[in-house]
Amino acid sequence: MDIRVLILACTIFTWIFLHRWNQRSRKGPKTWPLVGAAIEQLMNYDRMHDWLVNYLSKSTTVVVPMPFTTYTYIADPANVEHVLKTNFANYPKGEVYHSYMEVLLGNGIFNSDGENWRKQRKTASFEFASKNLRDFSTVVFREYSLKLSSILSHAAFQNKQLDIQELLMRMTLDSICKVGFGVEIGTLAPNLPENKFAKAFDAANIIVTLRFIDPLWKIKKFLRVGSEAILDQSIKTIDDFTYSVIHKRKSEIEEAQEGPNNHKMKHDILSRFIELRKDPENNINDKSLRDVVLNFVIAGRDTTATTLSWAIYMIMTHNHVAEKLYTELKAFEQECAKEEQVCLDPCDETQDLESFDMRTKQFAELMSYDSLGKLYYLHAVITETLRLYPAVPQDPKGILNDDILPDGTKVKAGGMVTYVPYSMGRMEYNWGPDANQFKPERWLKDGFFQNASPFKFTAFQAGPRICLGKDSAYLQMKMALAILCRFFKFELVKGHVVDYRMMTILSMANGLKITVSKRS
Ligand code: HEM
């Protein structure tokens with residue numbers, strides 16, 4: 001062998017050996033020269049949230065060097081507060097995140113910073129604060145929860161299996177389209193029509209998430225091969241649907257403005273952005289409206305549907321929780337009926353479908369924004385679900401300037417820092433020795449719900465970019481779960497494996513297959 005080759009081989013071997021030797025006491029994943037920890041992260045991609053739980057339980061901050069950047073994962077509330085609030089200006093979404101997500105989210109509120117974000121936040125905040133929207137949402141959420149409940153009572157009657165996650169996705173998609181954009185799309189109709197948009201949306205979401213750890217994605221995109229080719233097709237389907245929603249809403253607004261029904265113009269989020277279009281300074285065109293719609297679909301459909309799915313999974317695997325919830329709901333029903341002087345119809349499992357559905361409706365009508373506020377245990381069940389199964393399991397931020405986190409970790413401009421709600425909820429240093437157990441009671445004091453710091457319970461983020469739809473999400477989730485848990489018992493289909501899928505939202509990889517039975 002040529003002596004030069006031998007020297008080169010020895011040098012490389014020594015370099016790799018020294019690199020690995022220096023990592024002996026490293027708390028995060030061990031790295032390799034040039035590729036950093038990319039190999040380990042890729043190998044653990046499908047179980048990445050639990051891979052992080054493992055490292056973050058040993059150290060509150062974990063640094064993961066990657067080929068062209070460094071990811072810093074944080075789970076300590078003090079660090080989280082620093083990033084999300086104290087030094088907010090230094091941690092925008094950033095260029096990297098923007099370039100990965102642009103194909104799906106465009107320049108919508110989730111994917112923008114600075115002035116563009118501020119303007120959208122202002123418009124949307126205004127909308128969310130309106131009582132009109134809250135009242136309208138209550139009606140819509142009730143109506144769609146009842147549609148879902150009716151599908152369940154048919155399934156109970158026919159002893160049929162259901163994928164409840166799929167149904168919940170339909171329910172929340174229909175709801176956000178109605179509340180957010182004023183259109184009826186009817187995917188929860190009894191015949192469950194094929195839903196091309198939802199399939200394409202899920203595919204696109206999975207593929208853009210993969211970009212975070214796939215250094216070859218730009219080449220694939222350039223060559224239009226593999227996942228990036230599928231992404232192109234999915235985006236086309238998504239855009240067709242979205243532009244049809246926008247055109248429908250625009251022509252309805254024009255019709256209402258011209259006709260005698262001017263006073264009937266609804267003020268949903270999309271209409272408000274369409275209104276802003278009149279002022280050229282706002283620079284709003286069809287593409288920006290497309291971004292508004294898709295950002296609100298991702299915000300309002302997937303988050304709520306996956307949380308409800310995990311909640312149902314928790315309820316059916318913790319029988320004492322199901323029973324406590326049922327007791328709370330029965331007492332609530334009696335109390336509200338008494339207050340409103342409603343005489344409740346009898347209810348039993350042998351009832352025919354029609355009278356069972358009527359009885360469910362009677363219960364649903366007792367629920368309002370205010371009366372739902374009395375259901376503390378239900379509120380705790382949902383919050384406890386979000387602690388262990390946060391809909392946004394990790395949330396990366398860019399780094400503008402070098403900085404030092406409160407625990408002394410140095411972060412470099414151009415890298416990324418990610419707070420990890422999925423890990424944070426499972427850390428004993430945050431929640432005590434029973435952190436891994438599902439215990440809604442931890443949120444109650446003397447029977448009343450007690451909030452935790454948003455920097456410790458980060459499911460809705462915290463600071464200036466805290467979720468705008470939190471109250472609306474609780475309203476919908478409480479409405480749906482109250483009806484479902486009052487009138488049904490759930491059972492997991494034997495052999496069905498429950499696991500998460502790697503995408504920006506913590507959805508279930510195989511759906512949630514269940515059977516249901518009626519309750520009296
Ligand atoms: C269980 C339900 C929900 C959870 C767990 C949740 C969680 C979150 C999280 C973690 C963020 C920050 C995301 C980021 O940094 O990109 C966020 C932002 C946001 N959420 Fe929610 N969300 C939920 C439901 C909703 C609903 C129903 C809506 C509206 C229909 C909504 C509207 C928004 C908006 C507009 C933002 C962007 C805020 C900004 O960047 O200023 N969310 N949400």
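Numbering of ligands and ligand atoms starts at 1, following listing order.
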State the atoms of ligand 1, each with its element, that fall below the 4.0 Å cut-off from a heavy-atom position in Lys93. 14 (C), 15 (O), 16 (O)
Under the rule for side chain to side chain contact (heavy atoms under 4.5 Å, CB included), what residues qualify as partners of Val96, not counting sequence neighbours? Tyr100, Met416
Of the protein's non-hydrogen atoms, which lies at the shortest distance from atom 1 (C) of ligand 1, and what is that distance? Thr307 OG1, 3.4 Å
Using a 4.0 Å cut-off to any heavy atom of Lys397, which atoms of ligand 1 qualify? 15 (O)
Is the count of non-hydrogen atoms from other residues, nucleotides or ligands lying under 6.0 Å from Tyr429 atom OH greater than 12? yes
Nearest option to atom 19 (C) of ligand 1, as decided by whichever heavy atom of Phe110, Tyr97, Tyr474 sits closest: Phe110
Do the side-chain N and O atoms of Glu441 and Tyr377 include a donor-acceptor pair separated by under 3.5 angstrom? yes
Any idea which atoms of ligand 1 are less than 4.0 Å away from a heavy-atom of Asp395? 12 (C), 13 (C), 14 (C), 15 (O)
Which atoms of ligand 1 have any heavy atom of Phe296 under 4.0 Å away? 35 (C)
Within 45 degrees of the axis of the six-membered ring of Tyr389 and under 6.0 Å from its centre: does Arg426 put its NZ or CZ there? yes
Hey, is Gln120 one of the residues with a heavy atom under 4.0 angstrom from ligand 1? no
Checking a contact table here: which protein heavy atom is nearest atom 5 (C) of ligand 1, and how many Å away? Ala459 O, 3.5 Å
Show, in sequence, the C-alpha distance, side-chain angles and deciding distance for Asp279 and Arg277, and conclude whether the salt bridge (Lys or Arg N to Asp or Glu O under 4.0 Å) test is met. CA-CA 5 Å; Asp279 181 352; Arg277 200 188 154 123; over 6 Å; no
If we number the atoms of ligand 1 from 1 as shown, the ones under 4.0 Å from a heavy atom of Phe128 are 29 (C), 30 (C)
If you count the atoms of ligand 1 from 1 in the order shown, which ones are under 4.0 Å from a heavy atom of Arg121? 38 (C), 39 (C), 41 (O)
Please tell me if the side chains of Ser271 and Ile253 come closer than 4.5 Å, counting only heavy atoms from C-beta onward. yes
Under 6.0 Å from the ring centre and within 45 degrees of the ring axis: does the NZ or CZ of Lys93 meet both conditions for the six-membered ring of Tyr97? yes
All salt bridge (charged side-chain N to carboxylate O under 4.0 Å, His left out) counterparts of Glu102, not counting sequence neighbours: none
Count of protein N, O or S atoms below 2.8 Å from atom 21 (Fe) of ligand 1 equals 1
Atoms of ligand 1, numbered as shown, that sit under 4.0 Å from any heavy atom of Thr304: 27 (C)
Against ligand 1, does Ala124 come closer than 4.0 Å with any heavy atom? no
If we set the cut-off at 4.0 Å for heavy atoms, which region of Thr458 has an atom near ligand 1: side chain, backbone, both, or neither? neither
Are any non-hydrogen side-chain atoms of Met503 and Leu210 less than 4.5 angstrom apart? no
At under 4.0 Å between heavy atoms, what of Gln476 touches ligand 1? The answer is neither
Could you verify whether a donor N or O on one side chain and an acceptor N or O on the other, from Thr237 and Asp240, lie under 3.5 Å apart? no
Should Trp117 be listed as contacting ligand 1, given a heavy-atom distance under 4.0 Å as the test? yes
Validation row: Leu400, Pro92 side chains within 4.5 angstrom (heavy atoms): yes
Under 4.0 Å from a heavy atom of Ile176: give me the atoms of ligand 1 that qualify, with their elements. 30 (C)
Donor-acceptor contacts under 3.5 Å from residues 448-456 side chains, at least two apart:
{"from": "Ser453", "atom 1": "OG", "to": "Phe455", "atom 2": "N", "distance (Å)": "3.0"}
{"from": "Lys456", "atom 1": "NZ", "to": "Asn430", "atom 2": "O", "distance (Å)": "3.1"}

Using the six-membered ring of Tyr369, assess whether NZ or CZ of Arg134 lies under 6.0 Å from its centre and within 45 degrees of the ring axis. yes
Residue Lys250 excluded, over 12 heavy atoms near NZ under 6.0 Å: yes
Quick test: of every protein heavy atom, which one is nearest to atom 40 (O) of ligand 1, and how far off is it to 0.1 Å? Arg465 NE, 2.9 Å
